[in-house]
Visitor: 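Could you have a look at this structure, given as structure tokens, before my questions?
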Amino acid sequence: MTDWLALCRGAVEDVRAVLAELPTSAQREPVVGQGLGGDETTAIDRAAESAIIARFRDEDVTIVSEEVGRIGHGSTVVVVDPIDGSLNAKRGIPFFSLSIALAAGERMDDVFFGFVYDFGSREEWMATRGEGVRLDGRPLDGTRPKDTLEILSFEATRTPLIARDAPKVAELAYRLRVMGSLALSLCHLAAGRVDGVCSLKEARSVDIAAGQLLVREAGYAIELFDDPRDFGEAELDLAGRSRVAAAGTPELCRRIANALLGRSR
């Protein structure tokens, strides 16, 4: 039986080795191509992804990753974002992560294991479907997000998007945080460190496949509010279909979505 956790931890060491080999911004940020996900591929993105693909290559897997797209024809789908928060990583800001989700099929509901590693804090987040969330190997301490938005995390941002959408939540959220890693912000929601999370542009499965399982296993709400289907029906591919909202309750999650959609409660 495959030891998925050991493979994920090995991938952490692979990315850590890449960071050591490319220690400066000048080495990390040159653009070396364009990924199939549509974003520019930088030197650090390509090196990290190549190392992780090599780690999983001999397993019975299909890999979905931001730069190379889809490779392999195995029975387990491995959805990888080698460096979520790559701009932070390139500039030396210690808030970026490795995100890996394992699925028995092609939809979000098929994800059975989520793993996110924070290279800044060195925290290891994981969730197994039906078994809850663990932080550094221990169950979460039970701290819940608040029922009001004391802290709302904006992700997938650029300045014009923040200028467009911040006024929409001005009466809903007391404080905003713009940290730069959607996977980690979802982890922080699961642990009650923030009260809501939203992306200001369309998210892809590589951005959320692992983090969404942590949120759902913690008992909280997440939705792709531009997609009329149930959240679990979303495909595990590279298409960006919808923005994301997540919060401690379905009602608060819907209020975030409605605010960004320009609707009343």
Visitor: Once rounded to the nearest 0.5 Å, what's the spacing between atom CE of M179 and atom OG of S153?
Guide: 7.5 Å
Visitor: Please check if atom CZ in R229 has more than 12 non-hydrogen atoms from other residues, nucleotides or ligands closer than 6.0 Å.
Guide: yes
Visitor: Any side-chain heavy atom of V80 sitting closer than 4.5 Å to one from I53?
Guide: no
Visitor: Can a side-chain donor-acceptor contact be found between D84 and S181 if the only test is distance below 3.5 angstrom?
Guide: yes
Visitor: Would you say L161 and F154 make side-chain contact, with heavy atoms under 4.5 Å?
Guide: no
Visitor: Can you tell if the side chain of L5 reaches within under 4.5 Å of the side chain of F113, non-hydrogen atoms only?
Guide: yes
Visitor: For the residue pair V79 and I100, establish whether any side-chain heavy-atom pair is separated by less than 4.5 Å.
Guide: no
Visitor: List the steps, then state whether salt bridge (Lys or Arg N to Asp or Glu O under 4.0 Å) holds for R134 with E124.
Guide: CA-CA 8 Å; R134 289 182 174 268; E124 179 188 84; over 6 Å; no
Visitor: Can Y117 be reached from L184 by stepping across I, L, V, M, F, W or Y side chains whose heavy atoms are under 4.5 Å apart?
Guide: no
Visitor: State the CZ-CE distance between F231 and M108, to the nearest 0.5 angstrom.
Guide: 4.5 Å
Visitor: Identify whether the distance between the nearest side-chain nitrogen and carboxylate oxygen of R254 and E251 falls below 4.0 Å.
Guide: no
Visitor: Under a 4.0 Å threshold between the charged nitrogen and the carboxylate oxygen, would D226 count as salt-bridged to R243?
Guide: yes
Visitor: With a 4.5 Å cut-off on side-chain heavy-atom distances among I, L, V, M, F, W and Y, is there a chain of contacts connecting I44 to F95?
Guide: no
Visitor: Is atom NZ of K168 surrounded by more than 12 heavy atoms (other residues, nucleotides or ligands) closer than 6.0 Å?
Guide: yes
Visitor: Which distance, rounded to the nearest 0.5 Å, do you find between the CZ of R9 and the CG of D14?
Guide: 14.5 Å
Visitor: Quick check on R164: does its CZ atom have over 12 non-hydrogen neighbours (other residues, nucleotides or ligands) under 6.0 Å away?
Guide: yes
Visitor: Flag the pair K90 / T42 as yes when at least one side-chain heavy-atom distance between them is below 4.5 Å, and no otherwise.
Guide: yes
Visitor: Could you go through E202 and S242, starting from their C-alpha distance and side-chain angles, then the distance that decides it, and tell me whether this counts as side-chain hydrogen bond (donor to acceptor under 3.5 Å, both in side chains)?
Guide: CA-CA 4 Å; E202 291 79 7; S242 174; over 6 Å; no
Visitor: Flag the pair D109 and R216 as a salt bridge only when some basic side-chain nitrogen lies within less than 4.0 angstrom of an acidic carboxylate oxygen.
Guide: yes
Visitor: Is any side-chain heavy atom of L152 closer than 4.5 Å to one of I256?
Guide: yes
Visitor: Side chains of V215 and Q212, heavy atoms from C-beta outward: is any pair under 4.5 Å?
Guide: no
Visitor: Do I151 and Y174 have side chains that get closer than 4.5 Å, going by heavy atoms?
Guide: no
Visitor: Would you call E106 and R70 a salt bridge, using N to O less than 4.0 angstrom?
Guide: yes
